[in-house]
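No hydrogens, no waters, no symmetry mates; every other heavy atom, side chains included, goes into these values. Letters A, B, ... are given to chains in the order of the sequence lines, protein chains preceding strands, and every chain is numbered from 1.
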Protein chains: 2
Amino acid sequence: MADVANRAGVSAMTVSRALKEGSRVSKATREKIMAAVNDLGYVLDQSAGSLSSRKTGFVAAIVPSINNSNFADTARGITDELESTGLQLLLGYTEYTTEKEEKLIEAMLRRRPEGIILTGGAHTDRARRMLKSAGIPVVETWELPAKPIDQVVGFSNEEAMGLLVKTLAAKGYRKFGYIGGTTSRDTRGSQRREGFIKAIEELGLSPGHLVSFGVPPISIEQGGQAVVSMLERWPDTEAVLCVSDLSAFGALMECQRRGMRVPEDIAIAGFGDYEVAAFCHPGITTMNVDCYGIGQQAARRLIQVIRGGEKKRGQEIFLTAYRVIERGST
Amino acid sequence: MADVANRAGVSAMTVSRALKEGSRVSKATREKIMAAVNDLGYVLDQSAGSLSSRKTGFVAAIVPSINNSNFADTARGITDELESTGLQLLLGYTEYTTEKEEKLIEAMLRRRPEGIILTGGAHTDRARRMLKSAGIPVVETWELPAKPIDQVVGFSNEEAMGLLVKTLAAKGYRKFGYIGGTTSRDTRGSQRREGFIKAIEELGLSPGHLVSFGVPPISIEQGGQAVVSMLERWPDTEAVLCVSDLSAFGALMECQRRGMRVPEDIAIAGFGDYEVAAFCHPGITTMNVDCYGIGQQAARRLIQVIRGGEKKRGQEIFLTAYRVIERGST
DNA sequence: CTGTTAGCGCATTCAT
DNA sequence: ATGAATGCGCTAACAG
C-alpha cells in the first residue's frame, strides 16, 4: 500500500480511504490512486485491515454435507444474501457428526467470523461453550432445536413428516412403512421418523414398519436396498415414506426393476423436493422445503445484528415454509 | 492471549508456542497454559497470527456451481486433502461466468490465500493479471487449458467425449445427436461438443445432430425438453449424447414418458457418472470422471509448493483418469 | 525452554 | 480533504 501511496503522491491513509467506498476523497486524488492501484496490480490486504478495524468480514456456515442439493441450496442462499454486504462465507461440512462440527467450529472461530450459521440443534458441550464465549450471533437452521443457542431459522421436521403421512392417509393408504438412517447422527432424520410414528398413532393405524438403514447420508442405492428389506419383512406395505427424495428415488427404481407398479402395488414418498423427484417417472410425492430461503433468512438475521448494530434480541425463531407436493408415486 | 499468559504466569510468547504444535514447551508450562486456555475459553486469533507470520493458512477454490455433485466432489477432495495440513478452504462459485469469477478472485486474493484452485482455463484478462501478481501457486482443473497459468490437474473433455462416441459407434449406432448448453459460458461443455463433432468426422459418419439448450447448468428438465426438440427435428436419431448425466436423465425420463423404449428406440448417454445414472432404469451409459481425485490432486500440488517450499516448477500438467461406464441405456 | 523486542499492513483517531 | 501517530493480536528473531 505504501508503494501505491508513493506512486500516487499521497499518504497511505488516503489510499486506504480511496479504496473504501463511502469515504470522502477528492475525485482527482481518487483517480490518481486508482491509476496507481491498477499499474501495480495492488489488492488490499483484508487480513491486515480486519485486524485493525476489528471486523473480519467473515461469516461462518456449517452444513452436514456439501454434496446434497438441499444443503447446497442453503449455502447458495447464504452466499447470495451476503454478497451485497461484502461479507464472505467460510463454509464447512460435518459429515453428520457433532465431533467434526466441534472441530470445524473451533477452526472457524479462529478466523473471528462476525456470525455463524449452524445446521440443526445437536452440538457438543464444548462447541456450545465456544460459541457462547465467541460473543457472536448464532443461527441454527433446518430444525427447531429444543434448546436454541440464539436465533433459529427452520421448521419442524416432525410436523412436516406428520403432514405427509396424513396426506397419504387421506388418499386411503393404511399400511405405512418408513425408510431412514440410524437415529443418532442425523437429527433431522430422527425427527422425521418421530413425526411418522406419531402421525400413525394419531390416525389410529397399526404401527408403521420401520427400516433403518446405515448412517447418513442415505443415498439412492441404500433407498433401493431398504425397500427390498421392507418388502421382504412386510410384503403388505401399501405406502413407503423415505427420509429424503434420494432414498425414495432408489426405492422407486428398485420397485420398478422388480416389476412392481408404483403407486398401484406400492406408493412411495420422499422428502426435500430434489429435482430428480420432479422428473422421474412417476414423479415422487414429496415435502418441499424452502432450502434456499433458509439460507437467505439465516444470513439476513446475521446481517441485521452485524451491520445493523442491533443489540438486544431474544432467542427469536423464524419458521420457514414447507408444503406437500403430490405427484404420481402416491 | 495476554489474559491467558497472565493466568498461567508466563509470557504471551510462551502461550503462542504452547498453542502451536511442534514447538518446544515444557510439559508443566504447557499444562498450566492449557488449563488457562480452557478456563477462559480462549481461541487463537488466526487473523492476527497470519499477519505476523505472513501465512494466512487459506487456500482458495473456485468452482462453477456448488449445487452440482461433480464439483461438490471436487470440493470435498480439496477439503479432505487440506484437512491434515491445517489449511482452510475458501470456496466460491462463479455460476459459470468469468465476470463473477473475476470478482471472486479479487475478493479471495484480499484474504491472501497461499494458493488457488480454479475450474477451467477461461478467465478474464484482469483475473489473469491479478493471479500473476499475487505470486501464489495456481492450479487449473477439470480441463486442459490452451494457455495454462501455472499447474493443471484435469483431462481432455474433448477426448473423453470422443471416446464415448466411438464406444457407441462400436456398438453399431450410426446416427448421433448431442445435447448441450450454449458454448460461451461452459468451456467444458463446448469442449465435449467439439469432441463429439470431431469423433463423428473421424468415424466418417454423417454430421451429428446438435441441440443447444439454454445456459449452464443444463439440468434434468432441460434435458427432457432438448430431447423433444431433437426427436422433432431428427426423428431418425439413434443415439443421443448429453453434456451431463443430469440432462441425460431428463432425456431418458422424457423418452420413457412418451412410450419410447431405451435403448431399442433410442440410446442415451451422459457424462459425469452421477449417482442417479447408476440407479435409474435402465442405467445410463456415461463417462466416469475422477472428480474427487481432481480436488485431491489439485490440493496436493498446492500443498507441495506451499509447505514443501518447492520453488521452481514449470507448467506441470497432471492428467486424471476417465473411463466409459456402459449401462443399459445404450 | 522462556522472555524481550519489533513489526506484520492496515484502519482508527485525532490533528491540520 | 488529507496526514501523522498509534495500535489491532499475534509471531519472528534473537537473547538469555
Side-chain angles (χ1 to χ4, degrees), chain A residues 1-34 36-37 40-58 86 88 107 109-114 133-136 307 309, chain B residues 1-34 36-37 40-58 86 88 106-107 109-114 133-136 309:
Chain A
M1 180 148 142
D3 297 341
V4 177
N6 275 336
R7 194 176 239 271
V10 295
S11 75
M13 195 55 241
T14 308
V15 175
S16 171
R17 275 194 275 255
L19 256 31
K20 181 169 192 165
E21 50 184 305
S23 32
R24 285 167 296 279
V25 180
S26 80
K27 209 196 257 181
T29 20
R30 167 164 270 138
E31 276 166 11
K32 261 191 297 183
I33 291 171
M34 286 317 193
V37 164
L40 293 153
Y42 174 73
V43 175
L44 202 61
D45 185 336
Q46 203 165 355
S47 44
S50 55
L51 181 60
S52 178
S53 66
R54 313 187 51 62
K55 284 181 187 173
T56 57
F58 277 129
Q88 193 163 10
L109 289 181
R110 276 200 276 268
R111 303 294 186 173
R112 295 292 185 269
E114 301 184 47
S133 42
I136 56 174
R307 295 290 184 241
Chain B
M1 180 148 139
D3 297 341
V4 176
N6 275 337
R7 195 176 237 271
V10 295
S11 74
M13 195 57 236
T14 309
V15 175
S16 171
R17 275 193 276 254
L19 256 32
K20 181 171 192 164
E21 50 185 303
S23 31
R24 282 169 296 279
V25 179
S26 81
K27 208 197 262 180
T29 17
R30 168 163 267 138
E31 275 166 12
K32 260 190 298 184
I33 290 170
M34 286 317 194
V37 165
L40 293 154
Y42 174 74
V43 175
L44 201 62
D45 185 335
Q46 204 165 352
S47 43
S50 55
L51 180 60
S52 178
S53 66
R54 312 183 55 60
K55 284 181 186 172
T56 57
F58 277 130
Q88 195 164 6
E106 186 172 15
L109 288 182
R110 275 201 274 270
R111 303 293 186 175
R112 296 291 186 268
E114 302 184 45
S133 42
I136 56 174

D:dT11 base / B:Ser52 side chain donor-acceptor hit below 3.5 Å: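 A donor-acceptor contact between them is present.
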With a 3.5 Å cut-off and just heavy-atom distances, do the side chain of A:Thr14 and the base of D:dG3 make a donor-acceptor pair?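 Side chain to base: no pair below 3.5 Å.
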Below the 4.0 Å mark, does D:dT11 have OP1 or OP2 next to a side-chain nitrogen or oxygen of B:Ser16?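 Yes, within the criterion.
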Does A:Lys32 place a side-chain N or O at less than 4.0 Å from the phosphate oxygens OP1/OP2 of D:dT2?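 No, no such contact exists.
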First encountered from the 5' end of DNA chain C, between B:Arg112 and B:Lys27: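 Here B:Lys27 is the residue nearer the 5' end.
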Using heavy atoms to find the nearest nucleotide of DNA chain C for B:Ala12 and A:Gly49 separately, return the residue whose nucleotide is more 5′.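 Counting from the 5' end, the first nearest nucleotide belongs to B:Ala12.
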Gap separating the OG atom of A:Ser50 from the CZ atom of B:Arg110, nearest 0.5 angstrom: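 Between A:Ser50 OG and B:Arg110 CZ, I get 12.0 Å after rounding to 0.5 Å.
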If I take atom CD1 from residue B:Ile33 and atom CE from residue B:Met1, how far apart are they, to the nearest 0.5 angstrom?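 Here the rounded value is 9.0 Å.
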Given 3.5 Å as the limit, does a donor-acceptor pair link the side chain of B:Arg54 with the main chain of B:Leu51, or not?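 Judged by distance alone, no pair lies under 3.5 Å.
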Rounded to whole Å, please give me the gap between [atom1] in [X] and [atom2] in [N].
{"X": "A:Lys20", "N": "D:dA1", "atom1": "NZ", "atom2": "P", "value": "17 Å"}
{"X": "B:Met13", "N": "D:dA15", "atom1": "CE", "atom2": "C1'", "value": "13 Å"}
{"X": "B:Leu51", "N": "D:dC10", "atom1": "CG", "atom2": "P", "value": "12 Å"}
{"X": "B:Met1", "N": "D:dG9", "atom1": "CE", "atom2": "P", "value": "11 Å"}
{"X": "B:Leu19", "N": "D:dC10", "atom1": "CG", "atom2": "C1'", "value": "11 Å"}
{"X": "A:Leu109", "N": "D:dG9", "atom1": "CG", "atom2": "P", "value": "16 Å"}

side-chain hydrogen bond (donor to acceptor under 3.5 Å, both in side chains): which pairs involve residues 1-18 of chain A, sequence neighbours left out?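 Every pair satisfying side-chain hydrogen bond (donor to acceptor under 3.5 Å, both in side chains) with a residue in residues 1-18 of chain A: A:Arg7-A:Asp39, A:Ser11-A:Thr14.
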If you walk 5' to 3' along DNA chain C, what is the first nucleotide with an atom under 4.0 Å of a heavy atom in chain B, and what is the last?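 Extent of the interface on DNA chain C: C:dC1 to C:dG9.
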What nucleotide among D:dG3, D:dC10, D:dC14 has an atom nearest to a side-chain atom of B:Arg17?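 Taking heavy atoms from C-beta onward, the closest nucleotide is D:dC14.
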Residue of the set A:Val15, A:Val4, A:Leu19 for which side chain to side chain contact (heavy atoms under 4.5 Å, CB included) holds with A:Met34: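 By the side chain to side chain contact (heavy atoms under 4.5 Å, CB included) criterion, A:Met34 pairs with just one of A:Val15, A:Val4, A:Leu19: A:Leu19.
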Which pair of heavy atoms, one from B:Arg111 and one from B:Phe58, lies closest together, and at what distance?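 B:Arg111 and B:Phe58 have their closest heavy atoms at O-CD1, 3.8 Å.
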Does the side chain of B:Val43 reach to within under 4.5 Å of the side chain of A:Arg112, using non-hydrogen atoms?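 SC-SC contact between B:Val43 and A:Arg112 confirmed.
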With sugar-phosphate meaning primed atoms plus P, OP1 and OP2, does B:Thr29 contact a base, only sugar-phosphate, or nothing at under 4.0 Å between heavy atoms?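 If one applies the 4.0 Å heavy-atom cut-off, B:Thr29 turns out to touch the sugar-phosphate alone, with no base involved.
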Categorize B:Ser50 for me: base, sugar-phosphate, or nothing, with a 4.0 angstrom heavy-atom threshold over every strand shown.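 Since no nucleic acid heavy atom lies under 4.0 Å of B:Ser50, the category is nothing.
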